[in-house]
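In what follows, a single structure is set out as structure tokens and then discussed.
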Amino acid sequence: MSFQAPKGVKEYVPPQASTFYAIRAAFAETARRAGYSYLETAVFEDTQLFARGVGESTDVVSKEMYTFTDRGGRSLTLRPEFTAGVLRAVLEHGLHRGQLPVKVWTDGPVFRAEAPQEGRYRQFYQLDLEAIGSEDPAVDAETIALAWQWYTTLGLTQVRLLLNSLGCRECRPIYRARLQEFLRALDLDEATRARIEINPLRVLDDKRPEVQEQLADAPLIGDHLCAGCKSYHDRVKQLLADLGIPWEDSPRLVRGLDYYTRTTFEFDHPLLGAQSGIGGGGRYDGLSEAIGGPALPGIGFGLGLDRTVIALEREGVEPATPARCEVYGVALGDEAARAMFTLVNDLRAAGVAADMAFGGKGLKGAMKGADRSGARFALILGERDLAARAVQVKDLTTADQTEVPLAQVVDVLKGKVQ
RNA sequence: GUGGGUGUAGCUCAGUUGGCAGAGCACCAGGUUGUGGUCCUGGGUGUCGAGGGUUCAAGUCCCUUCACUCACCCCA
């Protein structure tokens with residue numbers, strides 16, 4: 001075959017795809033129980049939405065966007081993250097005119113033009129949850145708790161929660177200036193020196209040991225929070241403690257998107273190597289204004305599905321997936337195949353997961369298919385059975401076989417598989 | 001974008017100083033035309049990632065390229 005998926009595009013096929021689907025379904029349940037509604041937003045947006053929302057100075061916007069011009073000459077960009085688009089949709093459809101906070105979630109593919117490696121793809125998948133319109137530490141704690149609950153539900157035990165506050169429009173500028181002053185005195189390469197002027201907080205995130213050494217005495221945002229931010233942050237931590245959710249204070253956690261304010265968090269997994277961040281998010285109180293909306297605070301997160309799947313593999317956890325087939329039809333001969341087709345359809349209508357052998361397979365091949373389908377029961381129907389208006393029901397786990405009248409077989413199986 | 005590693009069957013991988021492409025698992029057929037999973041017999045299912053070069057001869061050596069992967073960077 002002369003085609004393959006574009007570079008860096010992660011695909012999920014059976015059987016692994018069932019895990020992928022199952023963990024999304026688990027999140028849907030987690031979000032539903034907490035009063036979050038599902039919404040589906042544009043996969044591509046006006047390029048300016050991301051430039052203004054995420055920030056021109058970020059790596060995501062400056063060098064990782066898939067941007068193209070459509071036939072009308074508009075500049076469009078495949079979403080590199082969810083928050084800006086979700087907020088845009090909430091404002092556009094006026095959801096914020098109702099009761100606040102607006103609590104929504106969505107999921108789907110996200111795109112960034114990066115060099116792919118394990119856990120980092122050009123088309124990857126995120127779950128996104130946002131609570132828009134309330135400035136309340138309980139909302140911050142709720143979002144974090146929901147992500148935590150999801151990881152727990154999946155069976156992950158090694159996820160770490162890193163927590164920080166980035167301050168607000170009052171205290172952050174003062175800290176920022178102080179930090180710049182400190183950083184300018186260091187011995188750093190040109191790219192990093194440029195970053196000092198554009199987004200100095202991100203220099204703190206540098207992983208290079210020679211940089212980290214110099215940062216040992218760097219001023220920390222935690223020591224410069226205003227009274228409001230300080231008490232807000234303390235309250236968030238108090239509520240997390242009430243829920244028994246452990247976190248690590250991470251005074252240098254900055255994250256790459258410009259819109260974050262106050263509460264900022266990241267979920268890390270120790271078994272993932274360099275791409276250890278499996279989820280992250282934070283508060284974005286200025287984002288709405290930045291994209292031309294009203295003052296509207298918000299908080300939310302993105303959870304990486306791809307990295308979560310890897311984390312599950314590394315921890316050796318296999319989320320339960322629903323049985324794909326409970327009853328498998330094996331027919332001998334044309335007339336029996338016709339009757340079986342109807343029977344399988346009736347079983348499905350009655351809520352029983354049913355499949356049958358296709359392609360005119362012989363008995364042996366069809367039975368093999370029954371075995372591989374994972375079905376508990378095989379239904380065997382031949383000329384003799386048709387004449388007797390009955391079907392052979394074979395329990396594949398015990399090899400016990402009984403004859404059941406055709407008219408009763410749906411009800412009988414319905415009882416057996418429950 | 002920058003460095004390193006790896007590309008051989010559906011999967012995991014062997015393949016010597018260049019000399020007829022292999023193993024296990026999976027898959028297909030038969031043993032058994034009314035019985036799967038066990039067992040027995042048979043079958044290799046392949047553009048050795050792709051393109052070019054050296055050579056009597058290339059999976060093996062050289063060049064280019066693509067993909068994956070690890071790290072930087074970045075973040076989910």
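The structure displayed is predicted, hence computed values, not measured ones. Just so it is clear: chains get the letters A, B, ... in the order the sequence lines come, proteins before strands, and each one is counted from 1. No hydrogens, no waters, no symmetry mates; every other heavy atom, side chains included, goes into these values.
Between the side chain of Glu114(A) and the base of rA76(B) there is at least one donor-acceptor pair of N/O atoms closer than 3.5 Å. Put simply, the side chain of Lys394(A) and the base of rG34(B) share no donor and acceptor less than 3.5 Å apart. At a cut-off of 3.5 angstrom, counting only N and O atoms as typed in the model, there is a donor on one side and an acceptor on the other between the side-chain of Arg307(A) and the base of rC75(B). Taking 3.5 Å as the limit, the base of rA76(B) and the side chain of Arg112(A) contain a donor-acceptor pair of atoms between them. Arg120(A) contributes a side-chain N or O that forms a donor-acceptor pair with the base of rC73(B) under 3.5 Å. Side-chain to base pairing of Asp371(A) with rG36(B): one donor and one acceptor N or O lie within less than 3.5 Å of each other. A donor and an acceptor atom sit less than 3.5 Å apart, one in the side chain of Gln401(A) and one in the base of rU35(B).
Between the CZ atom in Phe267(A) and the OG1 atom in Thr308(A) there is a gap of 10.5 Å [rounded to 0.5 Å]. Distance check, rounded to the nearest 0.5 Å: CD of Glu114(A) to CD of Glu64(A) gives 3.5 Å.
For CZ of Arg389(A), the number of neighbouring non-hydrogen atoms (other residues, nucleotides, ligands) closer than 6.0 Å is 12 at most. When the shell of 6.0 Å around CD of Glu313(A) is examined, it contains more than 12 heavy atoms from other residues, nucleotides or ligands.
rA9(B) and rG5(B) are spaced 24 Å apart, taking the C1' atom of each and rounding to whole Å. Annotation: rC39(B) and rC61(B) have their P atoms spaced 40 Å apart (nearest Å). Nucleotides rC13(B) and rG18(B) place their P atoms 26 Å apart, quoted to the nearest Å. Distance check on atom P: rU8(B) versus rA14(B) gives 10 Å, rounded to whole Å. Spacing of P atoms, rG37(B) relative to rA57(B), comes out at 50 Å, to the nearest Å. Across rA29(B) and rG52(B), the matching C1' atoms stand 42 Å from one another, rounded to whole Å. Comparing rC66(B) with rG51(B), their P atoms sit 15 Å apart, to the nearest whole Å. Spacing between rG7(B) and rC62(B) at atom P, rounded to whole Å, works out to 14 Å.
Nucleic acid contact for Glu118(A): sugar-phosphate only, since backbone atoms but no base atoms lie under 4.0 Å from a heavy atom of the residue. Within 4.0 Å of Glu64(A), counting heavy atoms only, lie sugar-phosphate atoms of the nucleic acid but no base atom. If you check every strand for non-hydrogen atoms under 4.0 Å, Tyr125(A) touches nothing. Within 4.0 Å of Ile278(A), counting heavy atoms only, lie sugar-phosphate atoms of the nucleic acid but no base atom. Using a 4.0 Å heavy-atom cutoff across all strands shown, Gly362(A) reaches no nucleic acid atom at all. Using a 4.0 Å heavy-atom distance criterion, Glu81(A) is classed as making no nucleic acid contact. Among the atoms of the strands shown, base atoms are found under 4.0 Å from some heavy atom of Lys364(A). Across all strands, Gly365(A) comes closer than 4.0 Å to no nucleic acid atom at all (heavy-atom distances). At a threshold of 4.0 angstrom between heavy atoms, the contacts of Ala115(A) include nucleobase atoms, whether or not backbone atoms are also involved. The residue Ala399(A) sits close to a base: some heavy atom pair falls under 4.0 Å. Nucleic acid contact for Gly8(A): sugar-phosphate only, since backbone atoms but no base atoms lie under 4.0 Å from a heavy atom of the residue.
At whole-Å resolution of the value, CG in Leu188(A) and P in rC73(B) are 13 Å apart. As a whole-Å value, the separation of Glu130(A) CD from rA76(B) P is 12 Å. Per the geometry, CG belonging to Leu379(A) stands 16 Å off P belonging to rG36(B), to the nearest Å. Between the P atom of rC28(B) and the CE atom of Met367(A) lies a distance of 15 Å, rounded to the nearest Å. For Ile310(A) and rU69(B), the CD1 to P distance is 9 Å, given to the nearest whole Å.
If you check rC73(B) for Watson-Crick or wobble pairing at under 3.5 angstrom, you find it has no partner at all. Nucleotide rG7(B) forms a pair with rC66(B), judged by Watson-Crick or G-U wobble geometry with both contacts under 3.5 Å.
In terms of phosphate contacts, Arg372(A) brings no side-chain nitrogen or oxygen within less than 4.0 Å of OP1 or OP2 of rA26(B). For rA67(B), one of the phosphate oxygens OP1 or OP2 lies less than 4.0 angstrom from a side-chain nitrogen or oxygen of Lys7(A). The phosphate of rC74(B) (OP1 or OP2) has no side-chain N or O of Arg255(A) nearer than 4.0 angstrom. For the pair Gln392(A) and rU35(B), the criterion of a side-chain N or O lying under 4.0 Å from OP1 or OP2 is not met.
Distance from the side chain of Arg202(A) is smallest to rC74(B) among rU35(B), rC74(B), rC73(B). Closest to the side chain of Gln4(A), from the set rC75(B), rA67(B), rC72(B), is rA67(B).
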(request) Decide side-chain contact (heavy atoms from CB on, under 4.5 Å) for Thr106(A) and Tyr38(A); before the verdict, give the C-alpha distance in whole Å, the side-chain angles of both, and the deciding distance to 0.1 Å. (result) CA-CA 6 Å; Thr106(A) 187; Tyr38(A) 183 74; 4.2 Å; yes
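Between Lys394(A) and Asp400(A), none of the side-chain N atoms (NZ, or NE/NH1/NH2) sits under 4.0 Å from a carboxylate O, so this pair counts as no salt bridge. Taking the charged nitrogens against the carboxylate oxygens, Arg262(A) and Glu135(A) do have a contact shorter than 4.0 Å, which makes a salt bridge. Using a 4.0 Å cut-off between charged side-chain N and carboxylate O, Lys10(A) and Asp306(A) make no salt bridge.
When the nearest nucleotides of RNA chain B are assigned to Tyr121(A) and Ala5(A) by heavy-atom distance, the more 5′-ward of the two goes with Ala5(A). Of the two residues contacting RNA chain B, namely Pro116(A) and Leu272(A), the nearest-nucleotide position lying further toward the 5' end is that of Pro116(A).
In this structure, Thr143(A) contributes its side chain and Gly300(A) its backbone to no donor-acceptor pair below 3.5 Å.
Stacking between Phe124(A) and the base of rA76(B) is present: ring centres sit under 5.5 Å apart and the planes differ by under 30 degrees.
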